[in-house]
Amino acid sequence: MKIASVIVDVPTSQTNHTFDYQVPKSLQGIVQAGVRVIVPFGRRKVMGFVMELKEESDFDRLKEIEEVLDLIPVLTPELLKLGKWLANEMVSLYIQTYQAMLPSILKASYKKEIEKLTDEDLPESMETIFAGRHVIDYDEFVERQGKLNELRKQIEEGNVRFQYIVKGKENRKQLLFLEAAKDVTLLEEALLDIPKRAKKQREILQFFIQNEHPIEQRILFQQLKTSSSTLQPLVDKGLIKKTYKEIYRNPYEDSQITPTQALPLSEQQNKAIEPIWQSVAGNLHEIFLLHGVTGSGKTEVYLQAIERVLDKGREAIVLVPEISLTPQMVHRFKGRFGKDVAVLHSGLSQGEKFDEWTKIQRKEVKVVVGARSAIFAPFENLGIIIIDEEHETSYKQDEQPKYHAREVAKFRGEYHQCPVVLGSATPILETYARAKKGVYSLLEMPYRMNNNAMPPVEIIDMREELHAGNRTMFSRRLIDAIKDKMDKGEQIVLFLNRRGYSTFVMCRECGETVKCPSCDIALTYHKATDELKCHYCNYHIRMVHECPTCQSLSVRYFGTGTQKVEEALKQLIPEVEIIRMDVDTTRKKGAHERLLSQFSEKKAHILLGTQMIAKGLDFENVTLVGVLAIDTMLQLPDFRSSEKTFQLLTQVSGRAGRHHLPGEVIIQTYTPEHYSIELASQYDYEQFFYKEMEMRKQFRYPPYYYLTLIHVSHPNEIKAYEVTKMITKLLRKHLTDQVTILGPTPSPIVRINNRYRYQCMIKYKNEPNQLATIRKILQYYHDEMIKNDLMIQVDLEPYQLM
DNA sequence: AGCACGCCGACT
DNA sequence: GTCGGCGTGCTC
């Protein structure tokens with residue numbers, strides 16, 4: 001096996017294939033499929049992944065692999081295969097797909113250096129840049145106006161050398177430990193030789209006579225109140241030696257985790273778990289939909305299913321939406337499986353993620369709980385994959401490769417012959433339809449634990465409030481209910497879909513709204529900073545008080561954001577304590593956890609927030625959930641808007657009365673008759689499913705048809721339009737007449753960051769030519785995409801039509 | 001992507 | 001005759 005085929009880290013379609021390299025003698029046996037290598041590529045050096053080893057190549061004059069970055073492959077044979085499949089399926093590049101499977105810290109970093117080889121002085125302009133150093137950065141050379149032709153001449157003359165440096169960025173965290181370098185008896189002898197007045201030295205030595213285990217230097221110094229000046233003589237005498245120990249960064253070090261035992265299962269839990277256990281026992285690949293209402297005890301089913309998997313010596317992946325990867329959730333898994341659990345989520349630093357990933361790679365853990373990308377955990381003996389809240393949009397990656405974790409889970413489940421469990425109270429229509437058809441096995445858990453009823457939902461028609469002269473954003477009913485709960489010492493969750501203070505700012509004289517100069521979207525007023533912010537790019541300006549168009553002073557706020565709700569509520573109920581949770585208050589690391597624990601310690605009456613409070617939270621003292629305005633969501637130009645509204649309402653409602661205290665839910669809306677709202681208030685998923693399926697059938701949407709969205713953007717609107725038009729034309733020409741091709745249409749937000757956005761959509765049932773055609777189109781526009789700032793993005797089975 | 005090669009106009 | 005601009009094509 002002297003030849004390796006390598007996917008190189010050059011993300012273009014022209015290099016989207018393997019390149020063969022000779023494995024030099026010194027690296028034979030070390031280079032294997034799945035390791036990262038550094039290879040010469042043209043004049044440069046690049047990182048690459050070894051796909052396979054082979055004896056022969058079609059290519060002569062192979063170059064040699066220069067360096068191997070891993071001793072243990074970072075990609076298992078399964079992941080290599082998966083990446084290949086995924087890249088083809090998603091029309092993305094192999095290298096992008098493989099990078100997406102690994103912690104980002106494993107991406108190579110590239111540097112160019114200039115090294116001075118002679119003791120003689122270089123030309124003066126170069127000497128000033130070198131400033132006495134031997135090696136400088138090429139980028140620094142260019143930045144400081146270094147002359148390239150001069151550099152070239154010096155290279156030719158052999159006075160300087162030009163080097164490409166490729167490095168993995170990863171480093172393992174190491175700590176300095178001390179241990180005895182000799183036998184205890186020898187140490188005792190040495191103790192006699194140490195002068196009496198060297199008191200501290202004797203103390204240190206005595207410590208090691210009594211403790212044979214290595215100790216961290218920092219801790220020893222703390223304990224004995226000494227420092228390295230005292231230690232050094234002992235090290236010099238060879239009595240004590242320094243060692244480095246690799247440790248893992250432990251993000252959960254400080255939190256106390258109480259071990260838990262399996263809870264007795266309810267009847268419905270038993271019924272649901274039995275088929276999963278059978279599938280685990282028989283090593284059968286089966287896809288389950290666990291359709292259980294909020295509070296029905298799905299997590300306990302997951303935990304006990306995993307227990308069986310671990311008993312068989314196999315491993316488990318649990319995916320949770322990023323947003324609900326709360327400390328509460330992590331504690332449940334750590335409580336049950338202790339040190340066998342690795343946790344992966346975006347709140348971790350790059351280094352922490354890498355450490356958790358390393359534990360998986362080394363098989364030091366058996367269970368991984370994580371967000372989307374945890375689906376690529378490098379386990380080799382998977383026994384179950386669980387996707388909780390499978391309808392969550394965060395399971396679809398919105399960058400290349402635009403994969404959905406569910407599809408990856410199916411691939412891995414099939415590969416390992418193990419069950420995949422999709423859990424949700426409100427599965428997305430595609431999933432439920434498949435379960436109904438028998439493609440997935442449907443497991444129903446229609447009741448809450450302890451037979452708690454779902455909290456009753458009251459719908460308040462805000463139009464009537466307006467007629468009755470109530471111009472505030474709170475219905476009289478909601479205010480009364482809030483006061484009532486506050487009197488009883490119970491807590492309230494208020495949900496609003498908008499952050500900021502108000503949704504837009506408009507001039508009453510001329511009706512002009514203040515818009516972002518680079519995006520086609522109204523700016524949002526943020527009171528805390530007195531700024532207008534664009535939520536799509538990071539544009540922000542001071543609040544304007546004079547209309548930019550007509551110079552009148554009638555600029556007013558419209559719409560409602562979380563900040564404004566907080567303020568308005570404090571005016572109505574002065575004694576109320578509110579914790580506000582949105583992107584703005586949780587930006588800082590750990591803020592999320594801090595706010596939640598403050599609320600659970602009853603430091604506030606109300607938890608007010610956006611999307612992020614809708615999911616997974618479980619506070620026993622919450623008895624009222626209020627939804628302030630759901631209508632904005634229903635009006636979104638997206639075929640899933642009804643479904644998303646239904647899901648959100650159901651989830652928010654589930655936050656109330658989860659324990660002993662009965663709960664209630666109040667939904668304020670201007671469209672109380674909409675079926676999503678009405679059926680969500682009755683907790684009737686089934687009814688909603690049939691109703692929504694009818695709509696989907698009528699308008700040719702999933703699950704009846706598959707969708708592909710092709711999104712084109714360019715700084716010039718006409719160009720963006722023309723390209724999109726051309727693409728629709730090409731599609732119509734090459735695809736069968738069974739498909740519907742819509743477009744070109746402007747995106748819901750036509751301009752973001754000064755780029756105009758157009759799109760076209762393909763609706764199809766079965767279109768074998770589709771991927772090949774799309775690939776050809778991308779090929780056709782390839783040059784323009786690089787040179788002309790054109791962007792074409794392909795999204796198969798999109799989640800968002802924006 | 002990044003780099004060389006090659007062709008063309010400008011200028012010591 | 002040489003330098004540097006950008007278009008074209010290749011990288012095992």
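Throughout, protein chains are lettered first and strands after them, A, B, ... in sequence-line order, and every chain is numbered starting at 1. Please read all numbers here as calculations on a predicted model, not as lab measurements.
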Looking at every strand, decide which applies to A/Tyr21 at a 4.0 Å heavy-atom threshold: base, sugar-phosphate, or nothing.
-> sugar-phosphate
Separation of B/dA1 C1' from A/Lys107 NZ (nearest whole Å) = 14 Å
Determine the interplanar angle of the A/Phe162 and A/Tyr138 rings, folded into 0 to 90°, and report it as parallel if under 30°, tilted if 30 to 60°, perpendicular if over 60°.
-> perpendicular
Between NZ of A/Lys63 and C1' of C/dC10 the distance, given in whole Å, is 11 Å
Candidates C/dT8, C/dC12, B/dA1 - which lies nearest the side chain of A/Val10 = B/dA1
Rounded to the nearest Å, what distance is computed from the CG atom of residue A/Asn16 to the P atom of nucleotide C/dC12?
-> 16 Å
For A/Val23 and A/Gln28, which heavy atoms make the closest approach, and how far apart are they?
-> O-NE2, 3.2 Å
To the nearest Å, how far apart are A/Ile3 CD1 and C/dC12 C1'?
-> 10 Å
A/Glu784 CD to C/dG7 P, straight-line distance once rounded to whole Å = 13 Å
Output a table of nitrogen or oxygen pairs between the protein and nucleotides 2-9 of chain B separated by less than 3.5 Å.
from, atom 1, to, atom 2, distance (Å)
B/dG2, O4', A/Arg44, NH1, 3.2
B/dC3, OP1, A/Tyr164, OH, 3.4
B/dA4, OP1, A/Arg43, NE, 3.3
B/dA4, OP1, A/Arg43, NH1, 3.4

So with a 6.0 Å cut-off around NZ of A/Lys167, is the heavy-atom count from everything else above 12?
-> no
Could you state the NZ-P distance from A/Lys54 to C/dC12, rounded to the nearest angstrom?
-> 14 Å
Whole-Å distance, A/Ile38 CD1 to C/dC12 P, equals 15 Å
Kindly assign one of parallel, tilted or perpendicular to the pair A/Phe411 and A/Tyr415, based on the angle between their ring planes and the thresholds 30° and 60°.
-> parallel
Step through the shown structure and confirm whether more than 12 heavy atoms of other residues, nucleotides or ligands are within 6.0 Å of OH on A/Tyr781.
-> yes
Residues, nucleotides or ligands: over 12 heavy atoms within 6.0 Å of A/Lys396 NZ | yes
Using 4.0 Å as the upper bound for N to carboxylate O, is an ion pair formed by A/Arg640 and A/Glu430?
-> yes
With a centroid cutoff of 5.5 Å and a plane-angle limit of 30°, would you call A/Phe19 stacked on C/dC12?
-> no
To the nearest Å, give me how far apart CD (A/Gln400) and P (B/dA1) are.
-> 13 Å
